[in-house]
**Q** 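Quick one: the structure is below, and I'll ask about it shortly.
None of the values given here were measured: they were computed from a predicted structure. We count ligands from 1, going down the list as the structure has it; atoms in each ligand are counted the same way.
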Amino acid sequence: MTRPGAVVVVGESIAGLSAARELRARGYDGPLTMIGREPEGAYARPPLSKEVLRSAAAEAALAYPSADLDLHHVRSPAVALDTSARTVTTESGQVAPYDALLVATGATARRLAAPRQRGELVLRTLADARAIRERMDRAASVIVIGAGFLGMEVASAAAARGLDVTVVDTEPPLRRLLGPYLSDRLSAHAAARGVRVRQVARAVGLAGDPVHGVVLPAGDTLTADLVVTCAGDVPEVGWLSGTALAGPAGITIDERCSTSVPDVFAAGDVARLCPRGGGGGRAPFWSSAVAQGKVAAASMLGQDSPLRPTDDYFWTEVLGVSIKVAGPLPLTGAPSSVDGNVQVGDAILRWDRPGQRTTVVAFGRKVPVGRLRALAHASDPISKEKP
Ligand SMILES: Cc1cc2nc3c(=O)[nH]c(=O)nc-3n(C[C@H](O)[C@H](O)[C@H](O)COP(=O)(O)OP(=O)(O)OC[C@H]3O[C@@H](n4cnc5c(N)ncnc54)[C@H](O)[C@@H]3O)c2cc1C
């Protein structure tokens with residue numbers, strides 16, 4: 001497209017803000033409207049399940065600055081998109097016309113509660129984190145549903161407070177993402193820290209109204225002072241119903257973050273990358289949201305970006321072990337090489353796969369991100385030592 005007169009971004013978070021910053025960096029000086037629905041504006045989500053669950057003081061460092069970007073902020077949810085008239089309407093009744101639109105509405109937490117069942121806790125927003133932290137202040141025991149990275153981070157925060165913690169999932173910790181080798185290490189680490197991981201045959205339901213436990217597949221109930229559901233996320237596309245963009249799996253984008261609708265782009269957790277050569281899918285991680293925001297900005301201006309619309313750098317922290325990953329996920333099988341000692345949480349592991357990009361994991365060892373990325377790109381194994 002030619003240089004747009006007016007740009008509208010829906011979703012005031014890392015993907016939307018990365019796009020806004022990139023638009024300005026590329027010289028776009030026209031009107032730039034940012035439509036958000038959270039009172040706090042844009043803030044970092046990754047610390048919510050780490051520092052913010054442990055201390056209210058950590059909230060002070062969350063905000064993403066944007067005062068230098070000359071944005072027109074509208075803090076009211078977008079409720080409708082008219083792709084013929086090229087307008088976005090908000091709940092407050094404002095109508096924002098666009099020449100180029102970025103949808104960056106992220107995702108919401110997947111919920112398990114039955115209709116009208118009250119009191120389910122999930123973790124997606126700062127308000128969610130505050131609610132969980134306040135409940136943890138008064139709790140002695142916690143059940144976390146889901147042993148993915150988010151569930152294990154919540155379990156870690158609870159364990160750090162000395163609470164009795166049970167994690168329930170059909171899979172061992174982080175197995176879907178990090179594969180059996182690291183999952184087994186994390187299971188052992190959890191056991192050593194007194195965190196129970198209960199593997200169940202089928203999905204569990206929530207017990208009580210308000211919720212106070214989980215119903216296990218055999219029919220018995222586990223109870224705790226606090227139950228937190230960490231069962232994945234759902235792309236936030238509800239406000240787009242009636243358009244060609246809406247779909248339960250997210251908004252399909254190509255390598256330029258273009259959608260099927262002219263001059264409408266999407267980025268971040270709401271998007272599902274479907275490159276021409278196949279592969280892709282959703283990459284609901286912080287680094288990909290940044291990359292897609294930047295690529296979308298270039299595309300909105302009719303320019304090329306040197307970046308790929310995914311960035312496979314990911315990090316998490318489980319029970320005191322920091323895990324940084326550069327390279328494609330999920331992992332399968334044993335690593336090709338291990339430098340250090342995984343058992344004590346001080347290792348760099350490498351997965352080399354014929355014909356594919358290498359993945360390098362820093363497991364408990366402090367390695368700068370740039371160095372980890374460089375290791376993932378290097379062709380030599382880190383060490384000849386086999387695990
Ligand atoms: C607790 C937590 C911890 C995480 N930790 C990590 C981590 O350690 N490492 C990692 O790589 N990733 C992590 N992630 C994932 C990472 O935060 C996300 O990938 C990233 O936030 C996605 O950015 P986004 O801008 O696409 O979407 P979001 O951050 O979800 O932002 C979307 C924004 O759009 C707003 N919105 C939605 N609908 C509307 C509407 N109709 N109108 C207006 N606004 C709307 C939402 O309120 C939200 O503010 C974590 C996520 C969570 C929730």
**Q** Got the closest protein heavy atom to atom 9 (N) of ligand 1, with its distance?
**A**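 Closest protein heavy atom to atom 9 (N) of ligand 1: Trp315 O, 3.2 Å.
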**Q** Out of all atoms in ligand 1, which are within 4.0 Å of some heavy atom of Ala289? Include the element for each.
**A**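 Going through ligand 1 atom by atom, the ones under 4.0 Å from Ala289 are 22 (C), 23 (O).
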**Q** Would you mind checking which non-hydrogen protein atom is closest to atom 34 (O) of ligand 1, with the distance to 0.1 Å?
**A**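 Answer for atom 34 (O) of ligand 1: Gly11 CA, 3.3 Å.
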**Q** Report yes if some N/O of Glu236 lies less than 3.5 Å from some N/O of ligand 1; otherwise report no.
**A**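 So ligand 1 has no N or O lying under 3.5 Å from an N or O of Glu236.
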**Q** Can you find an N/O atom of Pro284 closer than 3.5 Å to an N/O atom of ligand 1?
**A**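 Yes.
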**Q** Keeping the roles fixed (side chain from Arg45, backbone from Arg124), state whether a donor-acceptor pair exists under 3.5 Å.
**A**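 Yes: the side chain of Arg45 pairs with the backbone of Arg124.
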**Q** For ligand 1, which atoms, with element, lie under 4.0 Å from some heavy atom of Ala104?
**A**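 Contacts of ligand 1 toward Ala104, numbered from 1: 32 (C), 33 (C), 34 (O).
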**Q** Look at atom 2 (C) of ligand 1 and find which of Glu38, Met34, Arg45 reaches it with the closest heavy atom.
**A**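 Among Glu38, Met34, Arg45, the closest heavy atom to atom 2 (C) of ligand 1 belongs to Arg45.
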**Q** Under 4.0 Å from a heavy atom of Ser13: which atoms of ligand 1 are those, numbered in the order shown and with their elements?
**A**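 Under 4.0 Å from Ser13, ligand 1 has these atoms: 25 (O), 28 (P), 29 (O), 31 (O), 32 (C), 33 (C).
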**Q** Indicate yes or no: does an N/O atom of Tyr313 lie under 3.5 Å from an N/O atom of ligand 1?
**A**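 No; the residue has no nitrogen or oxygen that sits under 3.5 Å from a nitrogen or oxygen of the ligand.
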**Q** Return yes when Lys50 approaches ligand 1 closer than 4.0 angstrom through a heavy atom, no otherwise.
**A**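 True for this residue.
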**Q** Under a 4.0 Å heavy-atom limit, does Val10 contact ligand 1 with its side chain, its backbone, both, or neither?
**A**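 Side chain only.
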**Q** Ligand 1 and Ala15, any nitrogen or oxygen pair closer than 3.5 angstrom?
**A**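 Yes: some nitrogen or oxygen of Ala15 is under 3.5 Å from one in ligand 1.
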**Q** Nearest to atom 14 (N) of ligand 1, what protein heavy atom do you find, and at what distance?
**A**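 Of every protein heavy atom, Phe149 CZ, 3.9 Å lies nearest to atom 14 (N) of ligand 1.
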**Q** Just by modelled atom types, is the Pro328 backbone N or O under 3.5 Å from a matching donor or acceptor in the Thr359 side chain?
**A**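 Present.
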**Q** Run the salt bridge (charged side-chain N to carboxylate O under 4.0 Å, His left out) check on Arg161 and Asp137 step by step: do they pass?
**A** CA-CA 9 Å; Arg161 288 164 165 258; Asp137 287 345; 2.9 Å; yes
**Q** Can you label the angle between the Trp351 ring and the Tyr181 ring as parallel, tilted or perpendicular, going by 30° and 60°?
**A**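 If you compare the ring of Trp351 with that of Tyr181, the planes turn out perpendicular.
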**Q** Should one rank Arg124, Glu12, Glu153 by closest heavy-atom distance to atom 30 (O) of ligand 1, which comes out on top?
**A**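 Of the listed residues, Arg124 has the closest heavy atom.
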**Q** With a 3.5 Å distance limit and no angle check, can you tell me whether Arg193 reaches the backbone of Leu319 through a side-chain donor-acceptor pair?
**A**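 Side chain of Arg193 to backbone of Leu319: a pair is present.
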**Q** Anything under 30° is parallel, anything over 60° is perpendicular, the rest tilted; go ahead and classify Phe285 against Phe149.
**A**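 Phe285 and Phe149: tilted rings.
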**Q** Just jot down the ligand 1 atoms closer than 4.0 angstrom to any heavy atom of Gly268, in number order.
**A**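 Per the distance check, 26 (O).
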**Q** Residue-level breakdown please: for Ala107 versus ligand 1, do any non-hydrogen atoms fall below 4.0 Å on the side chain, on the backbone, on both, or on neither?
**A**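 The answer is the backbone of Ala107.
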**Q** I need the nearest protein heavy-atom contact for atom 12 (N) of ligand 1: residue, atom name and distance, please.
**A**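 Sorting protein heavy atoms by distance from atom 12 (N) of ligand 1 puts Trp286 N, 3.4 Å first.
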**Q** Can you list the ligand 1 atoms lying under 4.0 Å from a non-hydrogen atom of Leu150?
**A**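 Result: 1 (C), 2 (C), 3 (C).
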**Q** Between ligand 1 and Thr316, is the shortest N or O to N or O distance under 3.5 Å?
**A**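 No, Thr316 has no N/O under 3.5 Å of an N/O on ligand 1.
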**Q** Within the 4.0 Å heavy-atom shell around Pro77, which atoms of ligand 1 are there?
**A**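 Reading through ligand 1 atom by atom, the close ones are 42 (N), 43 (C).
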**Q** Carefully, step by step, assess Ile251 and Val264 under the rule side chain to side chain contact (heavy atoms under 4.5 Å, CB included).
**A** CA-CA 11 Å; Ile251 300 174; Val264 178; over 6 Å; no
**Q** Is Arg37 salt-bridged to Glu91, cutoff N-O under 4.0 Å?
**A**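 Answer for the salt bridge query: no.
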**Q** Return the minimal non-hydrogen interatomic distance between Ala203 and Thr170, and the atom names on each side.
**A**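 Smallest interatomic distance, heavy atoms only, reads N-CG2, 3.9 Å.
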**Q** Give a yes or no answer on whether the side chain of Ser258 reaches the backbone of Asp254 with a donor-acceptor pair at less than 3.5 Å.
**A**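 Here the side-chain-to-backbone pair does not exist.
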**Q** Tell me if a side-chain donor or acceptor on Asp352 pairs with a main-chain N or O of Thr358 at a distance below 3.5 Å.
**A**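 It does not hold such a pair.
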**Q** Which atoms of ligand 1 sit under 4.0 Å from any heavy atom of Ile35?
**A**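 Within the 4.0 Å cut-off of Ile35, ligand 1 contributes 43 (C), 44 (N).
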**Q** Specify side chain, backbone, both or neither for Trp239, according to which of its non-hydrogen atoms lie closer than 4.0 Å to ligand 1.
**A**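 The answer is the side chain of Trp239.
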**Q** Short N/O distance, under 3.5 Å, between Ser76 and ligand 1?
**A**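 N/O-N/O distance below 3.5 Å does not exist for this pair.
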**Q** If I apply the N/O under 3.5 Å rule, does Ala78 come out as touching ligand 1?
**A**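 Between Ala78 and ligand 1 (N or O atoms, distance only) the closest approach is under 3.5 Å.
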**Q** Is it true that Asp311 and Lys294 make a salt bridge, defined as a side-chain N closer than 4.0 Å to a carboxylate O?
**A**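 Answer for the salt bridge query: no.
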**Q** Return the residue, atom name and 0.1 Å-rounded distance of the protein heavy atom closest to atom 23 (O) of ligand 1.
**A**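 In this structure, atom 23 (O) of ligand 1 has Ile14 CG2, 3.2 Å as its nearest protein heavy atom.
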**Q** Can you report which non-hydrogen protein atom sits closest to atom 27 (O) of ligand 1, along with the distance?
**A**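 Here the nearest protein heavy atom works out to Gly106 CA, 3.2 Å.
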**Q** Taking NZ, NE, NH1 and NH2 as the nitrogens, is one of them in Asp339 or Arg365 under 4.0 Å from a carboxylate oxygen of the other?
**A**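 Yes.
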**Q** For ligand 1, which is the ligand I care about here, please tell me if Asp269 has any N or O atom under 3.5 Å from one of the ligand's N or O atoms.
**A**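 Among all N and O atoms of Asp269, at least one is under 3.5 Å from an N or O of ligand 1.
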**Q** Drop me the distance from Leu69's CG to Arg21's CZ, to the nearest 0.5 angstrom.
**A**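 Answer rounded to 0.5 Å: 4.0 Å.
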